[in-house]
Amino acid sequence: MSDKKAFLKVDGRDEAIELPIYSGSIGPDVIDVGGLSSQGMFTYDPGFISTAACESQITYIDGDKGVLLHRGYPIEQLAEHSDYLETCYLLLYGELPSTQQKAEFENTVRYHTMVHDQLTSFFHAFRRDAHPMAIMCGVVGALSAFYHDSLDIADERHREIAAFRLVAKMPTLAAMSYKFSIGQPFMYPDNNLSYAENFLHMMFGTPCEDSVVNPVLAKAMDRIFLLHADHEQNASTSTVRLAGSSGANPFACIAAGIAALWGPSHGGANEAVLNMLEEIGDVSHIEEFVARAKDKDDPFRLMGFGHRVYKNFDPRAKVMKESADEVLAELGIDNDPLLAIAKRLEEIALEDEYFIEKKLYPNVDFYSGIILKAIGIPTSMFTVIFAVGRTVGWIAHWHEMISGSYRIGRPRQLYTGYKQRDYKPLDQR
Ligand code: SDX
């Protein structure tokens with residue numbers, strides 16, 4: 001914290017309102033405006049452009065410099081040297097695990113990957129053409145109907161078990177939502193496989209033969225999970241925190257996060273990027289779409305570009321682009337037309353005055369879809385993959401809030417509706 005102060009001078013008031021200023025370990029100072037309500041005023045910040053909703057030690061982003069740190073470690077170093085489960089441990093416990101801690105954590109996750117068999121009937125209640133995100137919203141929330149033994153959010157051990165179950169079961173539920181949509185039998189997790197290998201096994205394996213997972217694709221899958229693991233107070237994480245602030249159980253909170261992630265402005269953007277690249281269809285059409293993206297009267301936006309925080313390259317997009325090249329080379333896909341359009345679109349956008357002035361750079365969703373499509377994952381599953389990776393971030397933030405002192409989140413408003421008026425009988429309207 002700090003002893004710095006802000007003084008708010010308000011017309012019509014003799015005395016300036018004194019507000020405390022707090023400093024973090026890095027990043028901007030914050031002005032504590034909590035005392036304004038007792039002075040009969042609220043702050044007004046739709047979209048929370050300038051609002052710090054909480055204190056956190058999990059992830060730090062510097063949008064101008066394109067910096068992303070998880071518990072202080074740069075995302076580029078984690079992507080290069082770590083793996084998804086090790087990053088999960090880091091996000092949940094605050095430190096990189098020792099060899100023994102890593103092995104124990106991997107083992108714990110491994111032995112929680114199965115879901116209650118009764119859940120399979122839940123899947124069969126959906127239409128086959130249900131969007132997998134609709135299914136995930138349902139089945140993840142339904143987990144709270146199965147795990148009564150870990151719903152006491154005041155119990156540290158219950159919170160830890162819920163974290164293990166969610167990290168472990170999300171890939172299983174995700175693969176089940178895909179298998180259900182194509183009418184194939186669900187695949188059980190295979191305890192001999194790594195986290196990402198297991199996911200690809202459950203996605204593409206069948207009971208008819210032993211599935212062989214390509215290690216290059218498994219590494220790319222693990223890296224995609226890692227790059228999506230956490231991202232500070234984004235819309236879905238803020239949703240999880242708000243839901244958790246009422247005391248809702250962790251499964252319900254994560255289901256709320258999944259619902260918020262689904263939107264095309266947020267986690268739904270990776271699916272929207274692929275649909276956009278397919279709509280563009282050819283590099284010769286790019287100029288037309290860039291023009292549309294710049295046209296105020298056209299709601300079209302270049303999906304995968306822009307970010308509320310990054311006004312520079314999204315560091316995850318850089319790593320994702322390298323992975324896209326590796327995966328396509330491994331698969332011998334030299335001239336993927338969509339990748340050609342994506343790369344040309346990036347070149348054009350980064351030279352265009354509009355995008356330069358508005359600091360619109362490719363974000364995490366711009367290249368991830370290219371990799372997922374090359375791995376064979378259908379576009380409708382892209383946001384589900386994002387949700388699988390982000391679950392650990394949601395849970396880490398939920399746990400950080402619940403294990404500290406917190407109050408129910410309850411924003412106020414600027415009311416511009418009718419002043420009080422009397423009821424008008426029907427015959428007088
Ligand atoms: C994610 O918050 C996170 O951390 C999210 C995320 C995470 O890991 O959790 O990083 C994941 O959600 C990445 C973002 C994925 N979304 C998209 O790719 C969708 C396309 N991008 C836009 O919808 C937009 O850029 C947002 C939603 C990402 C950011 O919205 P903001 O911060 O509210 O920015 P804005 O809408 O106010 O845009 C600022 C200006 C506007 O022009 P003006 O009103 O100032 O004239 O830039 C323009 C916008 O019109 N603009 C775009 C644009 N994005 C913003 N113009 C064309 N194409 C775009 N993609």
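Reckoned from all heavy atoms, side chains included, excluding hydrogens, waters and symmetry mates. Atoms within a ligand are numbered from 1 in the order they appear, just like the ligands themselves.
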(request) Can you tell me which residues line ligand 1 if we count any heavy atom under 4.0 angstrom from one of its atoms, in chain and number order? (result)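 If the criterion is a heavy atom under 4.0 Å, then ligand 1 touches H231, N234, P264, S265, H266, A269, A293, K296, R301, L302, M303, G304, F305, G306, H307, R308, R316, Y354, K358, L360, N363, D365, F386, R390.
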(request) Could you note down all residue pairs passing ring pair (Phe, Tyr, Trp, His ring centres under 6.0 Å) where residues 30-68 supplies at least one of them, sequence neighbours left out? (result)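 Output for this query is empty, none listed.
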Does the side chain of [X] come under 3.5 Å of the side chain of [Y] through a donor N or O and an acceptor N or O?
| X | Y | value |
| --- | --- | --- |
| E271 | S380 | no |
| T383 | N270 | yes |
| E160 | Y93 | yes |

(message) Taking the six-membered ring of F355 as reference, does the cationic atom of K359 (NZ for Lys, CZ for Arg) lie under 6.0 Å from its centre and within 45° of its axis?
(response) no
(message) Within 45 degrees of the ring normal and closer than 6.0 Å to the centroid, is that where the cationic atom of R128 sits relative to F180?
(response)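 Checked: cation-pi criterion met.
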